[in-house]
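For reference, the structure discussed in these notes is given below.
We name chains A, B, ... by the order of the sequence lines, and we start the count at 1 in each one. Note that the coordinates shown come from a computational prediction; the quantities given were computed from them, not determined experimentally.
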There are 2 protein chains.
Amino acid sequence: MPIGDISGVDAPLPTRVRTEPIQQRSADRLNRLLDSAAEIVDEIGFDRLTTAMIAERAGAAIGTVYRYFPDRIAVLVALRERAVQRFRLRSMQLMRAAGPTSVWDAVDSGITAFVELYRSEPGFRIMHFIDRERMPLSAEEAEPHLAKRLADILEEAIGITHDAELDFRLEIAVEMADAILSRAFAFDRAGDERYIEECRRVVRDYLSSELAAV
Amino acid sequence: MPIGDISGVDAPLPTRVRTEPIQQRSADRLNRLLDSAAEIVDEIGFDRLTTAMIAERAGAAIGTVYRYFPDRIAVLVALRERAVQRFRLRSMQLMRAAGPTSVWDAVDSGITAFVELYRSEPGFRIMHFIDRERMPLSAEEAEPHLAKRLADILEEAIGITHDAELDFRLEIAVEMADAILSRAFAFDRAGDERYIEECRRVVRDYLSSELAAV
DNA sequence: GCAACCATGATCGAGTTCCGCTCGGTGTCG
DNA sequence: CGACACCGAGCGGAACTCGATCATGGTTGC
């Protein structure tokens with residue numbers, strides 16, 4: 001199986017949609033709804049985002065929004081899901097290009113992908129905010145956390161068998177990176193390079209200590 | 001000036017209250033409102049918290065809530081502010097008891113205080129969530145971020161002069177610690193010890209590298 | 001072939017409900 | 001009795017519902 005196949009571009013998509021789109025036009029509409037939401041998130045932030053705005057900008061009626069999403073939050077969750085998929089895809093591309101040999105190399109590609117998307121993908125900030133509290137808010141397994149996705153990607157990319165220990169360290173690394181990178185973009189739309197550099201350094205140090213090269 | 005004096009227990013309190021309470025009973029009411037809000041945050045999360053709930057649980061009318069707070073978010077901000085003050089106080093206590101000599105020792109006390117409050121203080125989770133997006137959402141200086149508070153505390157506790165470099169490293173450390181600790185409590189009300197331990201280790205390693213003892 | 005047909009997916013938007021917040025009137029403290 | 005504190009019906013707006021309407025693509029009869 002080629003390395004890109006697990007990037008999941010054609011996976012079942014948002015978990016919480018009400019109705020799977022059958023016809024082509026409706027799949028388009030769903031994407032346009034998410035695009036609208038993404039733009040609005042960037043423009044006014046996600047708590048001021050209203051379902052009416054989403055509908056209007058996408059040229060749809062409010063009812064259409066609720067055909068696909070059970071509630072306002074679900075739109076944001078779906079938006080995050082799409083962002084995660086794009087992150088996966090881009091990470092895989094970078095990893096293939098770099099031909100990483102260590103966990104650290106691979107994770108560095110992940111950081112690069114994250115930064116790129118933060119800069120280019122509208123509404124990517126959602127990655128940091130929707131996380132807990134809004135999500136299932138219980139049950140460990142309910143949340144397919146970013147770290148798990150990354151572990152899967154790594155397994156494919158550099159043929160690592162990920163045991164519980166590596167999963168744990170990756171989760172810590174992801175938490176740290178997410179926090180620092182989000183700080184980098186908090187007051188600077190282009191992302192403060194100082195924080196980004198520090199993020200790479202911190203994560204590399206963390207992953208290389210007691211883990212050496214794999 | 002004794003070390004505890006900057007803990008700010010009797011500082012002007014929430015920045016965004018509408019009316020400073022004059023009579024004693026109203027100060028009590030304000031605290032009861034915050035207590036109610038804290039409980040509700042723990043029970044159903046802060047986006048499902050409604051002003052009506054706060055009022056009802058505190059045995060007050062809705063109008064009373066709005067006598068003290070301009071809007072719903074202000075309640076959460078005030079709640080966070082109170083939590084930060086208690087964090088300061090507890091940190092100072094622990095630092096005094098430990099008689100710390102290095103930045104790391106002091107920060108470790110901060111972590112301990114944070115964990116304690118996460119366990120004992122209702123609604124303390126708010127510390128992690130209210131941060132950006134909801135707050136001023138622009139202007140670097142507008143946000144009195146936790147890292148700045150910590151820097152102030154350290155300055156008092158171990159007489160450090162905090163330059164820009166230390167501020168930066170502290171901010172990184174705070175971001176990391178906040179992220180990992182919040183993860184520790186995300187699915188475990190008591191806080192997953194493994195994450196807490198890893199948090200101490202990570203922060204210690206980070207602060208001791210290239211900074212040595214102060 | 002193809003045109004009429006129709007089951008079902010997709011869309012619509014007025015209407016309902018619920019929530020944030022106001023404001024003028026009523027208690028209660030000093 | 002003046003100022004402080006409190007009350008809660010009511011207003012505006014946003015989340016969400018639901019029955020009516022339109023579009024699509026497969027089926028049927030010729």
note = Winner on side-chain proximity to A:Ala60, out of D:dC16, C:dC21, C:dC12, is C:dC12
query = So which one's nearest nucleotide on DNA chain D is more toward 5', A:Thr51 or B:Ala61?
reply = B:Ala61
query = Given the side-chain rings of B:Tyr195 and A:Phe168, with only the six-membered ring counted for Trp, is the space between their centroids under 6.0 Å?
reply = yes
request  = Send over the distance from A:Arg67 CZ to C:dT11 C1', rounded to a whole Å.
outcome  = 8 Å
ask   = In whole Å, what is the span from the CZ atom of A:Arg48 to the P atom of C:dG20?
value = 16 Å
query = Counting side-chain heavy atoms from CB outward, which of D:dG8, D:dA15, C:dG9 is closest to A:Arg72?
reply = D:dA15
message = Looking at B:Glu56, I want to see if its CD is surrounded by more than 12 non-hydrogen atoms of other residues, nucleotides or ligands under 6.0 Å.
response = no
task = Take atom CZ of A:Phe69 and atom P of D:dA14, then tell me their distance rounded to the nearest Å.
result = 20 Å
request  = Determine: side-chain N/O of A:Arg29 to OP1/OP2 of C:dA10, distance under 4.0 Å, yes or no.
outcome  = no
Under-4.0 Å side-chain N/O to phosphate OP1/OP2 contact, A:Tyr66 with D:dC16 = yes
query = For B:Glu56 and C:dG20, what is the distance between atoms CD and C1' respectively, to the nearest whole Å?
reply = 16 Å
Interatomic distance where CG belongs to A:Asp47 and P belongs to C:dC19 [whole Å] = 17 Å
inquiry  = Using whole Å, what does the distance between atom P of nucleotide D:dA5 and atom CZ of B:Arg32 come to?
reply    = 14 Å
task = Indicate, with a heavy-atom threshold strictly under 4.0 Å, whether A:Leu49 touches base, sugar-phosphate, or nothing.
result = sugar-phosphate
note = Between CG of A:Leu33 and P of C:dA10 the distance, given in whole Å, is 13 Å
task = Mind listing the closest non-hydrogen atom pair of A:Asp42 and A:Gly123 along with its distance?
result = OD2-N, 3.0 Å
ask   = Do the two ring centres, one from A:Phe129 and one from B:Phe129, sit under 6.0 Å apart?
value = no
query = What's the CD1-C1' distance between A:Ile62 and C:dA10, to the nearest Å?
reply = 16 Å
request  = Indicate whether OP1 or OP2 belonging to C:dT11 is found under 4.0 Å from a side-chain N or O atom of A:Tyr68.
outcome  = yes
ask   = For C:dT11, does OP1 or OP2 lie under 4.0 Å from any side-chain N or O of A:Thr64?
value = no
query = Checking side chain to side chain contact (heavy atoms under 4.5 Å, CB included) against A:Tyr118, which of A:Met127, A:Arg125, A:Arg189 comes through?
reply = A:Arg125
key: Nearest-nucleotide pick for A:Thr50, side chain only, options being D:dA14, D:dA5, D:dC16   = D:dA14
